[in-house]
Structures are given as structure tokens and as C-alpha cells.
Amino acid sequence: MNIIIDPHAGVCPGVQRAIKLADSWLDDGKSMLSLGEIIHNKREVERLFNRGLKTLAQEEFFNDKSAVRPNQTILVRSHGLSRKKFKELQDNGFDIIDATCSRVKKVQMIIARFYEKGYQIVIFGKKQHPEVKGLLGYSNDQGIVISGEKDFSAIDFTKKNIVNKPNNQ
């Protein structure tokens with residue numbers, strides 16, 4: 001059997017940018033903390049760890065900041081964060097490197113704009129995926145996540161709706 005890898009295979013531009021931002025920061029001998037793994041690739045996570053990038057799950061970080069020192073540099077990975085969590089980082093004086101993918105940022109702004117206009121926000125994806133959690137935060141966690149046929153019953157079709165499907169879901 002021959003296995004051929006597409007020469008164009010790789011990671012999306014948002015993840016490429018996040019890795020470049022982390023590498024650039026680490027090149028200066030500085031350390032940083034990523035809120036969740038920067039990429040779903042063990043080898044790359046280990047490479048960055050060996051350069052000084054520590055990873056902490058978002059839930060752990062926001063529930064118990066005792067392991068994190070003030071003025072810590074925080075990398076917001078390409079999945080992004082909710083408005084509330086991003087503001088919490090700012091309010092607590094963390095140095096933030098925002099590596100949120102430009103496409104994710106665009107969707108965040110669309111969700112915020114339509115939510116503020118009274119639209120019901122519907123997101124197709126996995127409820128526990130960090131990108132989906134972050135997107136929900138732009139609708140004050142009032143959006144509806146659709147991951148299967150059973151979830152359609154949660155949609156109120158009498159309300160105005162905007163539908164979005166995040167990348168790679």
C-alpha cells in the first residue's frame with residue numbers, strides 16, 4: 001500500500017500564526033502560558049513546551065489562578081476566548097498575546113452584532129470545543145449549539161436567527 005501525503009497538507013493559517021507568535025516570543029527567551037493546547041498535535045506541543053510554552057486548560061486557569069503569577073504572559077490560542085474571559089485577563093493585568101484566528105474574530109464580531117440586534121444565535125459545532133465556547137460568549141452564552149439532529153428542537157423558529165458553522169467542526 002502506498003500512502004501519499006498531500007504536499008499542501010498542514011495546519012490552517014490561524015494556527016500557523018499562533019505558532020509563529022509563540023515562537024517569536026520564545027525566541028527572546030521569555031516564557032508564556034497558553035490557555036489550552038495551541039494545536040492538536042502532540043509533537044508540536046512538546047516542541048513548544050521545550051522552548052518555554054506552558055499549557056494550562058482554560059477551565060483550570062479561570063477557576064484557580066493561584067498557579068499563575070501576576071504579569072504572566074498569556075497566549076490566547078487561535079480558538080479565541082469569550083469577551084468575558086478576555087476582559088478578565090485584561091482586568092487582572094496579564095500580558096496578553098492574542099493569537100485568535102482572524103476568521104474566528106470575524107465570526108465573534110458577527111455574532112456580537114446580531115445578538116445585540118435581537119437575533120437568536122445558532123452555532124453548529126461541539127458544545128465543549130473551545131472555539132464554540134468562545135463564540136457563545138459573544139452572545140452572552142445565550143446561543144444554541146447544534147451538534148446533532150436532536151438539538152434542532154432548541155431553536156425557536158419564531159425568532160430571528162443567524163446560523164454559523166465554525167471552521168473544522
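Quick note: numbers below take in every heavy atom, side chains included, and nothing from hydrogens, waters or symmetry partners. Remember, predicted model here, so these are calculated numbers, not experimental data.
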Could you tell me whether Lys127 atom NZ has more than 12 heavy atoms of other residues or ligands within 6.0 Å of it? no
So OG of Ser139 and CD of Gln120: to nearest 0.5 Å the spacing works out to 10.0 Å
Taking Lys85 first and then Glu88, would you say they form a salt bridge - that is, a charged N and a carboxylate O separated by under 4.0 Å? no
How long is the straight-line distance from CD1 of Ile123 back to CD1 of Ile144, given to the nearest 0.5 Å? 10.0 Å
Report yes if the side chains of Phe114 and Tyr138 come closer than 4.5 Å at any heavy-atom pair, otherwise no. no
Is there a side-chain contact (heavy atoms from CB on, under 4.5 Å) between Lys54 and Met32 once you walk through the steps? CA-CA 6 Å; Lys54 308 300 183 238; Met32 68 170 36; over 6 Å; no
How long is the gap from CD on Gln90 to CD1 on Ile96, to the nearest 0.5 Å? 4.5 Å
Criterion side-chain contact (heavy atoms from CB on, under 4.5 Å) on Leu75 and Leu35, from CA distance to verdict: CA-CA 6 Å; Leu75 176 74; Leu35 298 181; over 6 Å; no
Drop me the distance from Leu81's CG to Leu135's CG, to the nearest 0.5 angstrom. 11.0 Å
Group every Ile, Leu, Val, Met, Phe, Trp and Tyr by side-chain heavy-atom contacts under 4.5 Å, then state whether Ile38 and Phe49 land in the same group. no
Tyr115 side chain reached by Asn140 side chain, heavy atoms, under 4.5 Å: yes
Inspect the surroundings of NZ in Lys106 and state if more than 12 heavy atoms from other residues, nucleotides or ligands are less than 6.0 Å away. no
Connected via hydrophobic side-chain network under 4.5 Å: Leu48 and Leu56: no
Would Leu53 end up clustered with Val11 when hydrophobic side chains under 4.5 Å apart are linked, directly or stepwise? yes
With hydrophobic residues grouped by side-chain heavy-atom distances under 4.5 Å, do Val104 and Ile97 end up in a single group? no
Determine whether Cys12 and Val15 make a side-chain contact, defined as any pair of heavy atoms from C-beta on separated by less than 4.5 Å. yes
Could you tell me whether Arg83 and Glu116 make a salt bridge, using a distance below 4.0 angstrom between a side-chain N and a carboxylate O? yes
Can you tell me how far the CG atom of Asp141 sits from the CD1 atom of Ile121, to the nearest 0.5 Å? 12.0 Å
salt_bridge(Asp27, Arg51) N-O dist < 4.0 Å: yes
Any salt bridge between Arg103 and Glu131, counting N to O under 4.0 Å? no
To the nearest 0.5 angstrom, please state how far the NZ atom of Lys105 sits from the OG atom of Ser78. 11.5 Å
Of all residues at least two apart in sequence or in a different chain, which pass the side-chain contact (heavy atoms from CB on, under 4.5 Å) check with Arg113? Ile110, Lys117
Around Gln142, counting heavy atoms of other residues, nucleotides and ligands shown, do more than 12 lie under 6.0 Å from its CD? yes
Minimum side-chain heavy-atom gap Thr55-Leu33 below 4.5 Å: no
With under 30° as parallel and over 60° as perpendicular, where do the rings of His40 and His79 fit, or are they tilted in between? tilted
What closest approach, in Å, do Thr100 and Gly80 show between heavy atoms, and which atom pair accounts for it? OG1-CA, 3.4 Å
Search all heavy atoms of Lys133 against all heavy atoms of Ser82 and return the closest pair with its distance. O-CB, 4.5 Å
Steps toward side-chain contact (heavy atoms from CB on, under 4.5 Å) verdict (Arg47, Ile19): CA-CA 11 Å; Arg47 182 187 76 79; Ile19 290 170; 3.8 Å; yes
Could you walk me through whether Leu136 and Val145 pass the side-chain contact (heavy atoms from CB on, under 4.5 Å) check? CA-CA 8 Å; Leu136 280 170; Val145 178; 3.6 Å; yes
Could you tell me whether the side chain of Asp95 reaches within less than 4.5 Å of the side chain of Ile74, counting heavy atoms only? no
Could you check whether Phe152 and Phe157 have their ring centres less than 6.0 Å apart? no
